[in-house]
Amino acid sequence: MHCVRKVTDALWWVGANDRRTALFENIHPIPQGVSYNSYLLLDEKTVLFDCVDWSAAPRLVENVEHLLGGRELDYIVLHHLEPDHGAGLWAVLQKWPKAKLVSSLAAQRFIDQFGFAPIAAERITAKEGERLSFGKHAITFYAAPMVHWPDVMVSFEETEGILFSADAFGTFGALNGKLFNDELDFPHDWLPEARRYYTNIVGKYGPQVQALLTKAAALGDRLKLICPLHGPVWRSDLSWFIGKYDLWSRYEPEDQAVLLVYGSMYGGTEEAAEALAAALVERGVSVAMHDVSATHVSHLIAQSFRVSHIVLASPTYNMDFFPPMRDYLEDMKALGLKNRIFAVLENGTWNPNAGKLMGQFITQELTGCTLLETTLTMRSKLAKNQAPELGALADAIAGSIKG
Ligand code: FEO
């Protein structure tokens, strides 16, 4: 049975939802699933915009077949060839072998490398600024390399103001029957997963996202709809979501707030982190707190992009800081998080060293990140007479937030 949604009179969502895959890219947990969005244009020509993951290919074919009603499929426009979109091409070409493939040159290479084309379909290379007409509708291509792979292009449909944005403006989360952003409470229910999707999947490529946002801004009021490859279609409040992308891609925090991440082997560091969180809240500071051993790093990364201040509490472990904490900081470095203010607490039963080493990582490995001078060292656990030290650290963090 088909499952499609009308986007405009001529454009339909023909994608699929995936609630079975546990790890996106075999890395990031997606307990709320993910959608693979494809769109079908019915004009003088018929055009499929992007495909889906291999697991969802039968549903894509059934949806397209239903809407075509016996017509041929004339074009397949491929904005991005990562297999979560490209793998389904195999099944689509088996069904409609006369369709012309339109993509960047890099995408054509990836089609061949992955083996996504079972037949030698006609290929059209899309380049920046080129226009392709399908009847009443026409698209113009814009290159968006590294948002999120080098092959990525987006396109803008002129008559209805539709931006086919590839991975940009996507999010984790299955659609559950809803398609448009105004059919769900995005700020409340979806923003955390959208942030986690952006920061972990595209976060490293802030300058490239900024370049895309500049191109999108040039569209001005002509931009009416954003059709991404994951998550809802945007038909209202576009500037709100574009604003989030602008902040994230400039590595600017959304909130003047603290993310407190602690690692704790036997509870001593956790106890100190709890006391610090309480002291910060008493000073009017917004605090999110996570156990680094129990929280998937993709959540920590998303929260790190959100906040202005990050507090790290770690035991000393093999004369280094806690291994899960190192994984987190290495991920932060790999994704290019910048311009945050850090504070550290360290623990060590006989030779506390974690604070010094975390401080070195923050100041030497992370761009534009600074470390508050005030710190705290505990031996095994926070001693009763260290309450003034804890208060001083909380004062320093709160003072930094409040300026
Ligand atoms: Fe959703 Fe970069 O693929």
Side-chain angles (χ1 to χ4, degrees), residues 13-39 48-57 59-60 76-92 101 103-111 113-116 126 141-155 163-175 179 190 193-209 211-213 226-234 241 245 248-249 298 301-302 334-336:
W13 178 88
V14 290
N17 291 292
D18 179 358
R19 299 177 191 81
R20 294 190 171 202
T21 298
L23 299 175
F24 189 78
E25 295 181 342
N26 214 12
I27 300 175
H28 310 290
I30 46 170
Q32 294 165 47
V34 68
S35 74
Y36 309 116
N37 296 342
S38 295
Y39 304 92
L48 179 63
F49 293 97
D50 296 292
C51 295
V52 297
D53 184 74
W54 175 250
S55 62
R59 278 175 280 161
L60 171 65
I76 305 170
V77 175
L78 301 157
H79 293 101
H80 181 25
L81 247 296
E82 191 167 4
D84 56 330
H85 313 291
L89 176 62
W90 172 280
V92 174
L101 298 185
S103 74
S104 68
L105 197 57
Q108 291 180 25
R109 201 168 68 239
F110 296 167
I111 289 171
Q113 288 174 197
F114 281 109
F116 287 157
F141 289 99
Y142 298 93
M146 301 317 298
V147 187
H148 130 245
W149 277 19
D151 62 310
V152 172
M153 300 198 82
V154 303
S155 66
L163 179 66
F164 294 99
S165 64
D167 275 341
F169 306 111
T171 176
F172 294 140
L175 290 168
L179 178 62
W190 286 69
E193 286 297 85
R195 185 188 296 112
R196 192 163 68 88
Y197 170 84
Y198 172 84
T199 56
N200 287 278
I201 306 299
V202 195
K204 180 180 176 64
Y205 306 111
Q208 291 87 347
V209 173
L212 175 59
L213 292 180
I226 297 177
C227 290
L229 290 178
H230 303 286
V233 168
W234 285 80
F241 200 34
Y245 260 67
W248 295 336
S249 56
S298 63
I301 290 296
L335 291 167

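Both backbone and side-chain heavy atoms feed into the values below; hydrogens, waters and symmetry mates do not. First listed ligand is number 1; within each ligand, the first listed atom is number 1. Heads up: numbering here begins at 1 and tracks the sequence.
Geometry note: atom 1 (Fe) of ligand 1 is the vertex, D84 OD2 and H85 NE2 are the arms, and the angle is 90° (rounded to 10 degrees). Atom 2 (Fe) of ligand 1 lies at the vertex of an angle of 90° between the NE2 atom of H80 and the OD2 atom of D167 (rounded to 10°).
Going from atom NE2 of H148 over to atom NE2 of H80 covers 5.5 Å, rounded to the nearest 0.5 Å.
Between F116 and F114, the two ring planes are parallel [angle under 30°; tilted spans 30° to 60°]. Between H230 and Y36, the ring planes lie perpendicular to each other; the angle is over 60°, past the 30° to 60° tilted range.
In this structure, F169 has its ring center no closer than 6.0 Å to that of W234.
If you look at H148 and ask which of its N, O or S atoms sits nearest atom 2 (Fe) of ligand 1, the answer is ND1. Shortest distance from atom 2 (Fe) of ligand 1 to E82 is reached at OE1 (N/O/S atoms only).
D50 and H79 share a side-chain donor-acceptor pair at under 3.5 Å.
Coordination check, H230 versus atom 1 (Fe) of ligand 1: passed, since an N/O/S atom of the residue sits under 2.8 Å.
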